[in-house]
Amino acid sequence: MSELDTQRLRQLELLFAAFNRHDGAGVMAVMTDDVVFDAAAGPEACGRRISGAADVRAAFETTFATFPDVSWECTRHAVFGDRGISEWIFRATAKDGSRIEAEGVDLFGFRGDKIVSKSAFRKDRPALPAKGAA
């Protein structure tokens, strides 16, 4: 693995550590100022496209606020040239107590050692009942 691939792999590890700390500044520290994030859901063919560091950070911070226990359990990262992939399990509890648990994957683009694009894909699974619900 090249030195740059090693740096890029480390950036993915840092990114998901920041996600799991709910650390917006840490998330953005590994991304370019002109980052483009394609969310898993939305009205466009790409989901919902969010561009620029400020708007991307706001989108992630909204997720942290909406789901205070949100986490991404990474099962694998890979880097190949200027592209990367992360496989994960998304877990969160909604305000009504229903739970989300679904596998997903992110496709990344890199410029140098920074993430310039993130495109999220997540299984479309019905919410699970609240813990303790029949």
Side-chain angles (χ1 to χ4, degrees):
M1 180 178 289
S2 75
E3 176 69 26
L4 185 54
D5 285 351
T6 299
Q7 290 173 353
R8 290 171 172 170
L9 186 62
R10 179 69 180 138
Q11 295 293 65
L12 295 178
E13 293 166 352
L14 291 170
L15 173 67
F16 281 87
F19 277 147
N20 287 323
R21 287 191 315 272
H22 301 183
D23 176 2
V27 168
M28 300 317 300
V30 300
M31 296 185 175
T32 63
D33 288 339
D34 62 342
V35 65
V36 174
F37 168 49
D38 290 339
E44 302 167 72
C46 64
R48 182 169 59 108
R49 178 157 289 161
I50 304 163
S51 300
D55 289 343
V56 170
R57 180 177 179 165
F60 292 130
E61 289 181 343
T62 296
T63 299
F64 303 152
T66 302
F67 303 108
D69 66 345
V70 67
S71 68
W72 291 261
E73 177 188 340
C74 286
T75 58
R76 183 180 329 197
H77 296 297
V79 171
F80 41 99
D82 66 353
R83 304 291 292 171
I85 186 168
S86 292
E87 298 174 50
W88 38 261
I89 301 169
F90 178 91
R91 291 186 177 95
T93 306
K95 293 187 189 312
D96 67 2
S98 63
R99 297 175 295 119
I100 302 166
E101 185 172 315
E103 291 182 341
V105 64
D106 284 330
L107 304 178
F108 295 97
F110 289 94
R111 183 184 313 127
D113 67 347
K114 297 283 187 176
I115 296 167
V116 69
S117 65
K118 177 185 183 300
S119 188
F121 298 86
R122 187 172 79 200
K123 298 289 186 180
D124 185 13
R125 180 180 185 201
L128 303 168
K131 289 186 179 185

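Quantities reported herein were computed from a predicted structural model and do not represent experimental measurements. Just so you know, these numbers use all the heavy atoms, side chains as well, and skip hydrogens, waters and symmetry mates.
- Classification of E73 and R91 as a salt-bridged pair holds, one side-chain N sitting under 4.0 Å from a carboxylate O.
- Considering only heavy atoms from C-beta on, V36 stays 4.5 Å or farther from V116 through its side chain.
- Taking each heavy atom of V105 and I85 in turn, the nearest pair found is CG2-CG1, 3.4 Å.
- In terms of the ring pair (Phe, Tyr, Trp, His ring centres under 6.0 Å) criterion, residue partners of F90 (sequence neighbours excluded) are, by chain and number, W72.
- Across V56 and V35, no two heavy atoms sit closer than the pair CG2-CG1, 3.7 Å.
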After noting the C-alpha distance and the side-chain angles of S71 and N20, does the key distance pass the side-chain hydrogen bond (donor to acceptor under 3.5 Å, both in side chains) rule?
CA-CA 5 Å; S71 68; N20 287 323; 4.7 Å; no
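- A salt bridge links E87 to R76: one of the charged nitrogens lies within less than 4.0 Å of a carboxylate oxygen.
- Heavy-atom minimum distance, A102 versus R122: CB-CG, 3.9 Å.
- At a threshold of 4.0 Å, the pair R49-D38 counts as salt-bridged, since one of the basic side-chain nitrogens sits closer than that to a carboxylate oxygen.
- For the ring pair (Phe, Tyr, Trp, His ring centres under 6.0 Å) test, no residue two or more places apart in sequence or in another chain qualifies with F108.
- Taking 4.0 Å as the cut-off between side-chain N and carboxylate O, D34 and R111 count as a salt-bridged pair.
- With hydrogens and angles ignored, the 3.5 Å screen pairs a side-chain donor or acceptor of Q11 with a backbone N or O of D113.
- Nearest heavy atoms, R48 versus P43: CB-CD, 4.4 Å.
- Both W88 and F67 belong to a single network of hydrophobic side chains, linked directly or stepwise wherever heavy atoms of I, L, V, M, F, W or Y lie under 4.5 Å apart.
- Taking each heavy atom of M31 and V27 in turn, the nearest pair found is CG-O, 3.7 Å.
- The only option from H77, K118, E13 that meets the side chain to side chain donor-acceptor pair (under 3.5 Å) definition with S86 turns out to be H77.
- Checked against ring pair (Phe, Tyr, Trp, His ring centres under 6.0 Å), F64 has the following partners two or more places apart in sequence or in another chain: H22.
- The minimum heavy-atom distance between A65 and K95, with the atom names listed, is O-NZ, 3.9 Å.
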